[in-house]
Amino acid sequence: MTAWEVKDYLSQLTEWENSEEESTLNLCRACLKEIEAMLKPDADRTDVRIASTAAALAYYKLTLKRSCTAESEEITNFKAGDVSITQSKADTTKLLDRAEALYRNAVEGIISLCKDNGFCFENVLIKVKI
């Protein structure tokens with residue numbers, strides 16, 4: 001998988017300005033590295049689910065970044081003479097929740113390719129002193 005493939009998947013989820021092209025590719029590259037770090041050594045690195053998961057992570061991070069800047073830059077009310085523009089604030093919480101859910105679902109899809117970083121307790125005996 002390459003960052004370009006991740007960017008192609010990301011383009012199905014969101015749009016960006018031409019001026020953001022390089023930063024978007026860098027974000028895709030970083031997210032792909034994060035996902036690859038989770039994989040088993042023998043995992044098939046050409047599996048399309050890897051690029052899809054990296055794109056979902058990039059989408060989440062991009063949504064998070066946009067939500068932080070949107071609140072300070074968003075115009076909610078503007079009036080010039082007879083012209084009045086009112087724009088309601090987007091519910092960034094819902095967007096972030098959806099982006100996070102998309103990422104979590106994508107990670108669940110590649111669990112079989114990932115290293116097992118979990119742990120469990122088995123046959124734990126508890127001795128109570130009275």
Side-chain angles (χ1 to χ4, degrees):
M1 289 293 115
T2 67
W4 290 99
E5 291 170 305
V6 174
K7 188 175 159 208
D8 286 342
Y9 276 90
L10 181 60
S11 71
Q12 301 299 312
L13 300 171
T14 190
E15 296 177 353
W16 52 86
E17 301 291 325
N18 288 338
S19 62
E20 298 175 304
E21 198 74 29
E22 187 177 338
S23 64
T24 302
L25 183 61
N26 289 336
L27 175 65
C28 290
R29 187 176 295 116
C31 291
L32 181 60
K33 286 181 182 180
E34 282 186 50
I35 299 302
E36 286 179 336
M38 297 168 47
L39 301 176
K40 295 176 186 176
D42 63 339
D44 179 12
R45 301 276 199 259
T46 61
D47 193 318
V48 295
R49 295 176 295 172
I50 295 170
S52 176
T53 304
L57 177 58
Y59 178 66
Y60 174 70
K61 289 184 176 191
L62 193 59
T63 304
L64 184 61
K65 179 180 174 183
R66 288 176 178 171
S67 72
C68 292
T69 58
E71 291 177 13
S72 61
E73 296 177 359
E74 189 170 336
I75 298 172
T76 56
N77 194 359
F78 175 77
K79 186 171 182 172
D82 293 337
V83 178
S84 179
I85 299 172
T86 304
Q87 179 179 350
S88 62
K89 288 190 173 190
D91 190 359
T92 56
T93 304
K94 286 183 182 178
L95 289 174
L96 284 171
D97 289 344
R98 290 179 187 149
E100 184 179 10
L102 177 71
Y103 173 62
R104 289 188 186 279
N105 288 339
V107 169
E108 287 176 9
I110 63 165
I111 288 292
S112 62
L113 302 174
C114 294
K115 298 175 205 168
D116 185 7
N117 291 330
F119 67 94
C120 71
F121 294 103
E122 293 184 14
N123 295 326
V124 177
L125 300 174
I126 300 173
K127 189 172 187 178
V128 179
K129 290 184 178 182
I130 300 180

S.K.: Could you tell me whether Lys61 and Glu34 have a side-chain N and a carboxylate O separated by less than 4.0 Å?
M.R.: yes
S.K.: Under a 4.5 Å cut-off applied to non-hydrogen side-chain atoms, are Val6 and Ile35 in contact?
M.R.: no
S.K.: Can you find a heavy atom in the side chain of Asp47 that is under 4.5 Å from one in the side chain of Ile110?
M.R.: no
S.K.: CD of Glu20 to CG of Leu25: how many Å apart, nearest 0.5 Å?
M.R.: 13.0 Å
S.K.: Would you say Leu39 and Tyr103 are hydrophobically clustered, going by side-chain heavy atoms of ILVMFWY under 4.5 Å?
M.R.: yes
S.K.: Would you indicate whether the side-chain heavy atoms of Leu95 and Arg66 approach each other to under 4.5 Å?
M.R.: no
S.K.: So, taking the atom named CZ in Arg98 and the one named OH in Tyr59, what distance separates them when rounded to the nearest 0.5 Å?
M.R.: 8.5 Å
S.K.: Test your reading of the model: is there a side-chain donor-acceptor pair from Ser52 to the backbone of Arg49, 3.5 Å cut-off?
M.R.: no
S.K.: Quick one: closest heavy-atom pair of Arg45 and Glu36, and the distance?
M.R.: NH2-O, 4.2 Å
S.K.: For a side chain to side chain contact (heavy atoms under 4.5 Å, CB included) with Thr53, tell me which candidate from Asn105, Val107, Val48 qualifies.
M.R.: Val107
S.K.: Quick check: does any side chain N or O of Glu5 sit under 3.5 Å from a backbone N or O of Thr2, one acting as donor and the other as acceptor?
M.R.: yes
S.K.: For the residue pair Leu10 and Cys28, establish whether any side-chain heavy-atom pair is separated by less than 4.5 Å.
M.R.: yes
S.K.: I need the minimum non-hydrogen distance between Ala54 and Cys31, along with the two atoms involved.
M.R.: O-CB, 3.5 Å
S.K.: Any Lys/Arg nitrogen of Glu100 or Arg104 sitting under 4.0 Å from an Asp/Glu carboxylate oxygen of the other?
M.R.: yes
S.K.: With hydrophobic residues grouped by side-chain heavy-atom distances under 4.5 Å, do Leu57 and Ile50 end up in a single group?
M.R.: yes
S.K.: Supply the atom-to-atom distance Asp8 CG to Ser11 OG, rounded to the nearest 0.5 angstrom.
M.R.: 5.5 Å
S.K.: If you define the side chain from C-beta out and look only at heavy atoms, does anything of Leu13 sit under 4.5 Å from Leu62?
M.R.: no
S.K.: Can Leu102 be reached from Ile111 by stepping across I, L, V, M, F, W or Y side chains whose heavy atoms are under 4.5 Å apart?
M.R.: no
S.K.: Tell me the closest heavy-atom pair linking Ala58 and Leu27, and the distance in Å.
M.R.: O-CD2, 3.6 Å
